[in-house]
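In this text the structure is predicted, and so the values were computed from the model without any measurement.
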Amino acid sequence: MNLTHIEEDKYYAKMHEHPVLVPPEFNLHSLDRIYELCSNSKLNGSDSDICFRYVFVFQRIALPHILLLFVPSMLIVVLSWISFWLSVDLAAPRVALGLTSLLTLSTQFNSAQQNLPAVATIKALDIWMFVCIFMVFASLLVFALSYTCSRMYEPKGSKPESTAIEVLRKRI
């Protein structure tokens, strides 16, 4: 668009009447028009003209990402730690809790990846979800280690507790 300074002022003065369309996850933080002297001898033969440069600064709205992705994944990891308060003999609930947490995190990670553009670099979301999945997996490993150790060091003549109901009865 080839406009003079006055025509451009009139054109962009109406910009506030019709705001710039911005995707909903962004805010237009600032819009600056900068006047510069530039050499533009190719266009009209003069040595210097006034050029305009526009700087658009956008801010990403982080609250939806925090509420829909980071807080739930953090709560799932904390929920997987509940298995540490269960008895070592309660294998089925501990494994079910850990596997359910892993499956929930992987589903959440896949749905988050579908809403993002495909890029070849590692994103902060990738690192966050990897750490969450690793922590849930580590809680399963800690259970496997503690279960194995409890079975190795139990007295030879004792009968292992077979059901969760028997373990709960002994506690009461």
Side-chain angles (χ1 to χ4, degrees), residues 1-86 93-146:
M1 192 183 298
N2 192 2
L3 299 173
T4 64
H5 175 64
I6 296 170
E7 291 172 339
E8 188 165 331
D9 280 341
K10 289 178 187 176
Y11 180 78
Y12 287 104
K14 296 178 185 178
M15 196 174 224
H16 296 290
E17 295 172 10
H18 306 286
V20 177
L21 295 177
V22 179
E25 65 268 12
F26 293 103
N27 279 336
L28 181 61
H29 181 66
S30 66
L31 169 64
D32 296 326
R33 180 173 58 176
I34 301 168
Y35 300 100
E36 296 177 340
L37 290 177
C38 60
S39 176
N40 212 1
S41 58
K42 294 179 184 176
L43 290 177
N44 54 5
S46 65
D47 288 338
S48 63
D49 290 325
I50 295 178
C51 294
F52 299 99
R53 182 171 53 132
Y54 294 92
V55 178
F56 297 91
V57 178
F58 295 98
Q59 282 183 327
R60 182 182 297 270
I61 302 172
L63 187 63
H65 298 288
I66 292 171
L67 291 178
L68 296 176
L69 190 73
F70 292 104
V71 171
S73 61
M74 184 173 51
L75 290 175
I76 291 169
V77 170
V78 171
L79 184 69
S80 73
W81 293 342
I82 290 176
S83 68
F84 292 129
W85 287 303
L86 297 176
R94 290 181 87 166
V95 171
L97 184 62
L99 290 178
T100 304
S101 299
L102 275 176
L103 290 173
T104 306
L105 281 173
S106 65
T107 303
Q108 186 181 27
F109 184 52
N110 285 335
S111 68
Q113 289 289 22
Q114 289 175 354
N115 297 334
L116 296 175
V119 293
T121 58
I122 295 176
K123 300 176 287 298
L125 175 67
D126 298 335
I127 295 170
W128 173 261
M129 293 305 288
F130 174 75
V131 168
C132 288
I133 289 171
F134 177 77
M135 291 177 79
V136 171
F137 184 72
S139 73
L140 280 171
L141 288 178
V142 167
F143 163 67
L145 182 66
S146 63

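- Remark: Phe109 engages no residue in a ring pair (Phe, Tyr, Trp, His ring centres under 6.0 Å) (not counting sequence neighbours).
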Verdict with reasoning, Gln108 to Met129, per side-chain contact (heavy atoms from CB on, under 4.5 Å):
CA-CA 9 Å; Gln108 186 181 27; Met129 293 305 288; 3.9 Å; yes

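- To the nearest 0.5 Å, atom CE of residue Met135 and atom CG of residue Leu102 are 12.5 Å apart.
- Dense packing is recorded around CD1 of Ile127, with more than 12 heavy atoms of other residues, nucleotides or ligands lying under 6.0 Å away.
- Of the possible polar contacts, none joining the Thr100 side chain to the Leu97 backbone as a donor-acceptor pair under 3.5 Å is found.
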May I have the step-by-step check of side-chain contact (heavy atoms from CB on, under 4.5 Å) for Arg94 and Ser146, ending in yes or no?
CA-CA 12 Å; Arg94 290 181 87 166; Ser146 63; 4.3 Å; yes

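- Using a 4.5 Å heavy-atom threshold, the side chains of Val142 and Phe84 count as touching.
- In this structure, the side-chain hydrogen bond (donor to acceptor under 3.5 Å, both in side chains) partners of Trp128, at least two apart in sequence or on a different chain, are Ser73.
- To the nearest 0.5 Å, atoms CG (Leu105) and CG (Asn110) are separated by 11.0 Å.
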Intermediate values then yes/no, side-chain contact (heavy atoms from CB on, under 4.5 Å), Val136 and Trp81
CA-CA 8 Å; Val136 171; Trp81 293 342; over 6 Å; no

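- To the nearest 0.5 angstrom, Cys132 atom SG is 9.0 Å from Phe70 atom CZ.
- The neighbour count for Phe130 CZ, taken as heavy atoms of other residues, nucleotides or ligands under 6.0 Å away, does not exceed 12.
- Residue Phe137 places its CZ atom among 12 or fewer non-hydrogen atoms of other residues, nucleotides or ligands, all under 6.0 Å distant.
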Mind running side-chain contact (heavy atoms from CB on, under 4.5 Å) on Val77 and Leu79 for me, showing each step along the way?
CA-CA 5 Å; Val77 170; Leu79 184 69; over 6 Å; no

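- Here the OG1-CD1 distance, from Thr104 to Ile133, works out to 10.5 Å after rounding to the nearest 0.5 Å.
- Pairs passing the salt bridge (Lys or Arg N to Asp or Glu O under 4.0 Å) check and including a residue from residues 112-134, sequence neighbours excluded, read Lys123-Asp126.
- To the nearest 0.5 angstrom, Leu140 atom CG is 12.5 Å from Leu145 atom CG.
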